[in-house]
Q: 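Below is the structure I would like to discuss, written out as structure tokens.
Note on naming: letters A, B, ... go to the chains in the order of the sequence lines (proteins, then strands), and numbering restarts at 1 for each one.
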There are 2 protein chains.
Amino acid sequence: MSESALDSSASDSRTLADRVVARLQDDIVLGVFKPGTKLGEAELAARYGVSRGPLREAIRRLESRKLLERIPHVGTRVASLKATDLIEIYRVREALEGMAARLAAEHMSDAEVAGLWELLALHEQQQDLQEDIAYYQRAGDLDFHYRIIQGSHNGALIDLLLGEIYHRVRMFRYQFSMTPNRPKKALAEHRRIVEAIEARDGEMAELLMRRHISRAREYLEAQQRQDLSAPQPPLSERT
Amino acid sequence: MSESALDSSASDSRTLADRVVARLQDDIVLGVFKPGTKLGEAELAARYGVSRGPLREAIRRLESRKLLERIPHVGTRVASLKATDLIEIYRVREALEGMAARLAAEHMSDAEVAGLWELLALHEQQQDLQEDIAYYQRAGDLDFHYRIIQGSHNGALIDLLLGEIYHRVRMFRYQFSMTPNRPKKALAEHRRIVEAIEARDGEMAELLMRRHISRAREYLEAQQRQDLSAPQPPLSERT
DNA sequence: TCAAGGTAAATTGTCGACAATCGGCGCGCC
DNA sequence: GGCGCGCCGATTGTCGACAATTTACCTTGA
């Protein structure tokens with residue numbers, strides 16, 4: 001179930017447009033195209049070796065995922081998300097992933113819970129070996145939340161979080177080269193969430209998950225306030 | 001702010017595809033095309049008097065809103081939503097609109113709160129005059145939730161609920177010709193929610209909104225169980 | 001008679017060309 | 001000298017035709 005947890009790369013998708021969606025999304029999320037960059041249709045069509053037809057379809061799909069901003073008759077540019085947008089999204093995550101944790105506690109199979117414990121053990125191990133984290137912790141955190149969302153067994157919830165929310169969060173993390181906020185504390189919170197799920201205590205699981213995400217949001221808000229008082233280049237140009 | 005609360009009809013939109021989106025969405029939500037109906041591209045293009053290009057764009061947009069189901073190289077049909085899907089959506093609504101109520105309590109202006117009271121008074125009046133309700137209550141209920149969502153002043157939340165969730169809920173209501181579940185009780189619950197918002201008690205507002213939606217979901221679940229035991233034509237063919 | 005294979009029609013996916021609209025530039029007027 | 005107007009290039013929106021894939025039907029054989 002861990003095959004490229006957040007889809008992206010489906011090499012032989014049925015239609016051309018699907019492949020362009022995957023490639024263009026990667027280029028956006030991974031930062032090949034910086035936020036605010038204008039993307040001309042002809043230019044992109046040449047880059048991906050397709051006609052403008054499928055390319056336009058890809059653009060519309062990524063626009064509906066809020067990864068691109070388009071103005072009719074003018075053009076499309078990579079969505080440049082402000083810190084306030086990210087904070088708004090964290091409110092949504094708090095509500096949605098809280099519910100996901102509750103449903104996961106009610107509906108996850110015992111095997112899935114066991115898998116969560118294994119994932120946690122892996123994260124602790126990586127944390128011990130490599131104190132500065134970086135990539136692993138980032139992907140791992142995503143993977144943890146990803147599994148709980150899947151564990152809710154609620155299709156609508158899964159579609160919303162994985163289809164509309166998570167791509168944007170991923171983009172943020174790459175753009176701001178955000179090292180996860182509070183590695184050790186986050187890991188401890190993850191463990192408590194799994195405990196609640198294992199105990200089939202949905203209410204507790206939701207409470208803990210909401211608190212977990214809420215703390216991340218508060219960290220972001222504090223960071224934003226200090227950025228406002230000392231406005232420095234928002235991107236990754238600080239040695 | 002109440003001009004066509006759930007958009008749909010923008011008569012002179014900038015691009016052709018936008019107009020087709022609006023018209024096709026109306027035809028789907030209002031039941032002109034029944035769920036499961038196969039929609040051929042040529043057929044639709046003729047119906048709306050456009051080429052297949054803009055039509056395909058419209059189809060993709062409505063597909064991303066979950067109003068259409070498409071299979072590559074096969075075709076698109078009107079999304080036929082099962083009762084279990086609706087129940088899943090209500091879980092999402094519970095989480096999302098609960099958060100919306102909390103944020104509304106924190107961020108709504110006094111004028112907006114006053115507007116909520118006026119809306120409630122209008123609903124009570126209509127309820128007194130016309131005991132059997134039907135349309136007014138249905139639209140009114142939507143309008144109440146709509147306003148609280150807007151009152152959250154959270155763009156991400158608003159986009160999600162109004163752009164991804166509410167169209168599907170509307171479609172359900174028309175398809176099953178669902179008379180609102182519990183008119184009087186719902187109205188009383190609405191009043192208590194507004195009281196909490198006016199008192200700026202976000203926690204209470206969220207709790208009440210979640211309970212409100214949760215009860216509607218439980219009603220749906222009970223209805224589904226009795227439908228399963230006595231399976232009758234699910235659509236509107238009962239005199 | 002039924003199953004399996006192939007073929008043909010219909011539908012969707014893709015492409016290149018044409019038309020409409022917007023932003024930028026220079027000219028003229030105040 | 002500054003402001004407004006109109007033209008021009010560039011980009012996007014739209015269209016019709018061609019190619020690819022699927023489905024349904026028909027034929028053929030066991």
Q: If you pin P72(A) and A17(A) to their nearest nucleotides in DNA chain C, which one's is more 5'?
A: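 Looking at DNA chain C, the more 5' nearest nucleotide goes with A17(A).
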Q: So which heavy atom on H153(A) is nearest to which on M108(A), and how close?
A: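 Scanning both residues, the minimum pair turns out to be NE2-CA, 4.3 Å.
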Q: NA contact type, I71(B), heavy-atom cut-off 4.0 Å: base, sugar-phosphate, or nothing?
A: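 No contact.
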Q: Consider the side chain of R56(A), meaning its heavy atoms from C-beta on, and name the nucleotide among dC15(D), dT14(D), dT22(D) that approaches it most closely.
A: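 Comparing dC15(D), dT14(D), dT22(D) against the side chain of R56(A), the answer is dT14(D).
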Q: Counting the atoms with a prime plus P, OP1 and OP2 as sugar-phosphate, which does G40(B) contact under 4.0 Å by heavy atoms, base, sugar-phosphate, or nothing?
A: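 G40(B): backbone/sugar contact only, no base atoms under 4.0 Å.
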Q: Between the base of dG13(C) and the side chain of R14(A), is there any donor-acceptor pair under 3.5 Å?
A: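 Looking at the base of dG13(C), it does not pair with any donor or acceptor on the side chain of R14(A) (distance under 3.5 Å).
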Q: Using atom CD of E57(A) as one end and atom P of dT12(C) as the other, report the distance to the nearest whole Å.
A: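 Result: 13 Å.
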Q: Starting at atom CG of D18(A), determine the distance to atom P of dT12(C), rounded to an integer number of angstrom.
A: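 Going from CG in D18(A) over to P in dT12(C) covers 16 Å.
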Q: Whole-Å distance between dC18(C) C1' and R52(A) CZ?
A: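 To the nearest whole Å, that distance equals 11 Å.
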Q: Parallel under 30°, tilted from 30 to 60°, perpendicular over 60°: which one fits the rings of H212(A) and H190(A)?
A: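 H212(A) vs H190(A) ring planes: perpendicular.
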Q: Can you say whether the rings of Y166(A) and H145(A) are parallel (under 30°), tilted (30 to 60°) or perpendicular (over 60°)?
A: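 Because their plane-to-plane angle lies in the 30° to 60° range, the rings of Y166(A) and H145(A) count as tilted.
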Q: From NZ of K38(A) over to P of dG24(C), roughly how many Å is that when rounded to an integer?
A: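 Distance check: K38(A) NZ to dG24(C) P gives 9 Å.
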Q: Under 4.0 Å between a side-chain N/O of R70(A) and OP1 or OP2 of dT11(D), yes or no?
A: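 So the side-chain polar atoms of R70(A) never come under 4.0 Å of the phosphate oxygens OP1 or OP2 of dT11(D).
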Q: Under 4.0 Å, heavy atoms only, any strand: does R60(A) hit a base, just the sugar-phosphate, or nothing?
A: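 The answer is sugar-phosphate, as R60(A) gets under 4.0 Å only of primed atoms, P, OP1 or OP2.
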Q: Please state whether the phosphate of dT12(D), meaning OP1 or OP2, lies under 4.0 angstrom from any side-chain nitrogen or oxygen of T15(B).
A: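 For dT12(D), neither OP1 nor OP2 has a side-chain N or O of T15(B) closer than 4.0 Å.
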Q: Can you measure L16(B) atom CG to dA19(C) atom C1' for me and round it to whole angstrom units?
A: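 It is 12 Å, rounded to the nearest whole Å.
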Q: In whole angstroms, how far is the P atom of dT11(D) from the CD1 atom of I59(A)?
A: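 Between P of dT11(D) and CD1 of I59(A): 13 Å.
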Q: Determine whether R60(B) and R60(A) make a side-chain contact, defined as any pair of heavy atoms from C-beta on separated by less than 4.5 Å.
A: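 A side-chain contact is absent here, since even the closest heavy-atom pair is not under 4.5 Å.
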Q: Calculate the interatomic distance between E41(B) atom CD and dT22(D) atom P; express it in whole Å.
A: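 It works out to 16 Å between those atoms.
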Q: Choosing from dT12(C), dT14(C), dC15(D), which nucleotide comes nearest the side chain of P54(A)?
A: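 Given the options dT12(C), dT14(C), dC15(D), the side chain of P54(A) is closest to dT14(C).
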Q: Is any side-chain heavy atom of L68(A) less than 4.5 Å from a side-chain heavy atom of I28(A)?
A: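 Yes; the side chains approach each other to less than 4.5 Å.
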Q: Nearest whole angstrom, please: distance from the C1' of dC22(C) to the NE2 of H73(A).
A: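 Value for this atom pair: 9 Å.
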